[in-house]
Amino acid sequence: MLKKLDYNFYNREDVVQIARELLGKILVTRMQEGFTSGRIVETEAYCGVTDRASHAYNGRRTARTEIMFNDAGRGYVYLCYGVHHLFNVVTNAKDVPHAILIRAVEPLIGLDIMQRRTGKQQNDFSLTSGPGNLSRALGIETRLSGIDLTGSTIYIAEDGYSISGNNIVATTRVGVNYAGDDALLPYRFYVRGNGYVSARKH
DNA sequence: CTGACGATTCACT
DNA sequence: GTGAATCGTCAGC
């Protein structure tokens with residue numbers, strides 16, 4: 001049975017620890033097309049004002065990033081390369097702009113809906129591998145940015161499944177070379193051996 | 001108002 | 001491995 005993660009899960013200080021804990025949890029969307037869900041197998045932590053890789057680095061506060069300065073438990077969705085909708089979870093207290101990028105899930109429910117949304121002919125790993133692909137499969141778009149993750153449209157739940165520490169790989173984040181030394185931080189986590197983990201499996 | 005560019009993906013060589 | 005797609009965002013003028 002599913003138990004939705006509540007405000008107290010998101011409203012904690014250690015964004016890196018939360019990113020690790022999100023592995024094995026279930027991301028659910030309930031849209032017009034129906035119910036879809038997938039188990040989270042890859043995440044990245046973004047540590048706000050002190051993290052050069054974060055959109056909120058150095059307190060950069062704009063219309064787009066404002067949602068990260070909001071209270072915990074919201075979704076932050078933004079458009080990347082004009083094409084891809086990337087889904088993040090906002091954590092920690094109001095005015096502390098921590099966020100966690102969900103980079104890959106393993107599909108659980110609604111495979112037919114996911115295939116329809118993505119137009120994929122086959123059900124291969126690419127269906128929900130990578131932040132752009134999983135958002136498309138689950139129907140997540142930028143217009144949903146700011147959504148309350150304790151609501152019923154998008155939420156994350158646990159079902160008792162857990163991943164042992166030695167099956168969690170910690171490594172550097174993808175596509176953040178511009179971040180100088182912060183690009184070297186081990187803020188990316190994924191499930192060892194899972195086929196849905198996106199590029200650069202080391 | 002303008003220009004540069006991105007927490008990516010995919011087709012093609 | 002390389003390059004194009006594609007457009008909202010944001011700094012700078």
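Note that the coordinates shown come from a computational prediction; the quantities given were computed from them, not determined experimentally.
The gap from the P atom of dA4(B) to that of dA4(C) amounts to 16 Å, rounded to the nearest Å.
A distance of 12.0 Å separates CZ in Arg39(A) from CG in Leu27(A), rounded to the nearest 0.5 Å. The CD1 atom of Ile18(A) sits 5.0 Å away from atom CD1 of Ile100(A), with the distance rounded to the nearest 0.5 Å. How far OG1 of Thr150(A) is from CZ of Phe9(A): 13.5 Å, rounded to the nearest 0.5 Å.
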- Message: Base contacts versus sugar-phosphate-only contacts with protein, heavy atoms under 4.0 Å: please encode nucleotides 4-13 of chain B as B, S and - from 5' to 3'.
- Response: --BBBSS---

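For DNA chain C, runs of at least 3 consecutive pairs of the Watson-Crick or G-U wobble type, with both hydrogen-bonding distances under 3.5 angstrom, map to B:1-6 with C:7-12, B:8-12 with C:1-5.
Summarising the local packing, CG of Asp181(A) is surrounded by 12 or fewer heavy atoms from other residues, nucleotides or ligands at distances under 6.0 Å. Under a cut-off of 6.0 angstrom, the local environment of CD in Glu13(A) is sparse, with at most 12 non-hydrogen atoms contributed by other residues, nucleotides or ligands.
For the pair Lys4(A) (side chain) and Gly151(A) (backbone), a donor-acceptor distance under 3.5 Å is present.
Rounded to an integer number of Å, the gap from His85(A) NE2 to dA5(C) C1' is 14 Å.
Salt bridge present: Glu33(A) and Arg117(A) bring a charged side-chain N and a carboxylate O closer than 4.0 Å.
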Could you go through residues 73-86 of chain A and list every donor-acceptor pair under 3.5 Å that involves a side-chain atom there, pairing it with any protein atom two or more places apart or in another chain?
from	atom 1	to	atom 2	distance (Å)
Arg74(A)	NH1	Gly146(A)	O	3.1
Tyr76(A)	OH	His55(A)	ND1	2.8
His85(A)	ND1	Thr142(A)	N	3.0

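Of the side-chain N and O atoms in Thr62(A), one or more sit less than 4.0 angstrom from OP1 or OP2 of dC10(C).
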